[in-house]
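Quick notes on the structure that follows.
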Amino acid sequence: MTQQPEQPFVGGKAETSGEANRLGIPTLAEDLLLLLFQPNSGLQAGTGTIAGEDTLFYTLAGGVLADLGLGDHVRTNTGWGGTTRVEAVEGRPPSDDILRSAWEYLSEKPRGVQTVLAAIGPTLRSPLLDRLVERGDIRRGSRKALGLFNTTVIEDGGSGRRSRLLEDVRDVLVEGAEPQPRVAALAALLSGSGTLPQFDPEIPWTSPVITRAKELEQGNWGAGAAAEAVARTVTATIVHNVIIAASVLPQN
């Protein structure tokens, strides 16, 4: 059963427009949200939606934790009763504000992965979307609903970054390319969230693709990823918990 936060988490403060130039490299969670954005899937022509909204906060939280794991900012260990807990690596805070908020939450004490996902996830969608808008990857627009009311919509920003990310993931899942750690984590989280079928036909939903995606979920990233053994283990643990959360939440 999905655990609830042990205490409220406050994080994910959105940047102001004056901070846009200081955003730096996109976080894994930003890339994940950008991929989940489905252009031309909205009710009105030229607008899009975010796939997997029902379980989105677990997926984005998984992206934050995976990013912290890839950067050696957190590690997992075995807690009481064999449960998996995640803890901050002392003296290794990330520079990114959203990642740092999660790291500071974990620096208080080790916590169960499900607890962390439920704690940090609900605050993430808005600031991550704000960042994608600041970067020009997604654009907010206004359309008439029923010909009467103005409604806010999201549209492709025209930066081309989503297409490049999708091509990287496709190369790994369809063409069998050995992934870079970030691409492996992205593909694993997409698979674990249950949203991968929505990328068909760009990423065909076939048996080989499903098999490869499951391998990535389990941390089987290829021989070249040996140096990222700890990161692979952390990511595989996180993805496993995202899968549990994504399957339990709709039932609740």
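Numbers here are sequence positions counted from 1. Bear in mind that the values here come from a model prediction, so they are computed numbers and not experimental data.
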Q. If you round to the nearest 0.5 Å, how far is CD of Glu30 from CD1 of Ile25?
A. 11.0 Å

Q: Compare every heavy atom of Ser191 with every heavy atom of Leu196, then report the nearest pair and how far apart it is.
A: CD2-CB, 4.1 Å

Q) Can you tell me how far the CD atom of Gln38 sits from the OG1 atom of Thr47, to the nearest 0.5 Å? A) 12.5 Å

Q) Rounded to the nearest 0.5 Å, what separation is found between the CZ atom of Arg212 and the CD1 atom of Ile203? A) 13.0 Å

Q) Can we say Asp31 and Arg162 salt-bridge, meaning some charged N sits less than 4.0 Å from an Asp/Glu carboxylate O? A) no

Q. Looking only at heavy atoms, which two atoms of Ala187 and Val169 are closest? And how far apart?
A. CB-CG1, 4.1 Å

**Q.** Hphob cluster co-occupancy, Leu106 + Val89, side-chain heavy atoms under 4.5 angstrom
**A.** no

Q: Could you tell me which non-hydrogen atom of Leu117 sits nearest to which non-hydrogen atom of Tyr58, and how far apart they are?
A: CB-CD2, 3.6 Å

Q. Hey, are Glu53 and Arg125 close enough for a salt bridge, meaning a charged N less than 4.0 Å from a carboxylate O?
A. yes

Q. How many angstroms lie between atom CG of Leu129 and atom CG of Leu34, to the nearest 0.5 angstrom?
A. 10.0 Å

Q. Would you say Thr115's side chain and Arg111's backbone share a donor-acceptor pair under 3.5 angstrom?
A. no

Q.
Please find the pair of heavy atoms, one from Gly24 and one from Arg135, that lie closest to each other, and give the distance.
A. O-NH1, 2.8 Å

Q.
To the nearest 0.5 Å, what is the distance between CD1 on Ile238 and OG1 on Thr76?
A. 8.0 Å

Q) Counting distance only, does the side-chain N/O of Trp221 pair as donor-acceptor with the main-chain N or O of Leu216 below 3.5 Å? A) yes

Q. Say you draw a straight line from CG of Leu35 to CD of Gln198; how long is it, rounded to the nearest 0.5 Å?
A. 12.5 Å

Q | Ser41 side chain vs Thr49 backbone, donor-acceptor pair below 3.5 Å | A | yes

Q. Yes or no on side chain to side chain contact (heavy atoms under 4.5 Å, CB included) for Val153 and Arg140, after CA distance, side-chain angles and deciding distance?
A. CA-CA 6 Å; Val153 296; Arg140 288 191 178 96; over 6 Å; no

**Q.** Heavy-atom closest pair, residues Tyr105 and Ile120
**A.** CD2-CG2, 4.1 Å

Q: May I ask you to decide whether Arg164 forms a salt bridge with Glu167, counting only side-chain N to carboxylate O separations under 4.0 Å?
A: no

Q.
Taking side-chain contact (heavy atoms from CB on, under 4.5 Å) as the definition, give me every residue that meets it alongside His240, ordered by chain and number, with sequence neighbours left out.
A. Ile244

Q: Tell me, with the steps shown, if Leu33 and Leu56 meet side chain to side chain contact (heavy atoms under 4.5 Å, CB included).
A: CA-CA 9 Å; Leu33 183 58; Leu56 182 63; 4.3 Å; yes

Q.
Donor-acceptor check, side chain of Trp103 to backbone of His73, threshold 3.5 angstrom: yes or no?
A. yes

Q: Return yes if some donor-acceptor pair links the side-chain N/O of Asn241 with the main-chain N/O of Thr237 below 3.5 Å, else return no.
A: yes

Q.
Using modelled atom types and a 3.5 Å cut-off, is there a donor and acceptor pairing between side-chain atoms of Asp200 and backbone atoms of Trp205?
A. yes

**Q.** Shortest non-hydrogen contact between Pro127 and Ile98, atoms and distance
**A.** CB-CD1, 4.1 Å

Q: Might you work through the side chain to side chain contact (heavy atoms under 4.5 Å, CB included) test for Ile50 and Ile154, ending with a clear yes or no?
A: CA-CA 9 Å; Ile50 305 295; Ile154 52 176; 3.9 Å; yes

Q | Criterion side chain to side chain contact (heavy atoms under 4.5 Å, CB included) on Ile138 and Asp156, from CA distance to verdict | A | CA-CA 5 Å; Ile138 289 177; Asp156 183 20; over 6 Å; no

**Q.** Candidate list Thr27, Leu165, Asp168, Leu28, test side-chain contact (heavy atoms from CB on, under 4.5 Å), partner Arg182, passing option
**A.** Leu28

Q. By side-chain contact (heavy atoms from CB on, under 4.5 Å), which residues pair with Arg139, not counting sequence neighbours?
A. Glu155

(Q) Surrounding CD of Gln180 (heavy atoms of other residues, nucleotides or ligands, distance under 6.0 Å), is the total greater than 12? (A) no

Q: May I ask you to test the Arg161-Pro26 pair for a side-chain heavy-atom distance under 4.5 Å?
A: yes

Q: Using a strict 4.0 Å threshold on nitrogen-to-oxygen distance, state whether Arg131 and Asp96 make a salt bridge.
A: yes

Q.
So that I can tick it off, tell me whether Arg170 and Glu202 are bridged by a salt bridge, with the cut-off set at under 4.0 angstrom between side-chain N and carboxylate O.
A. no

Q.
Keeping Arg92 on the side-chain end and Asp72 on the backbone end, is there a donor-acceptor pair under 3.5 Å?
A. yes

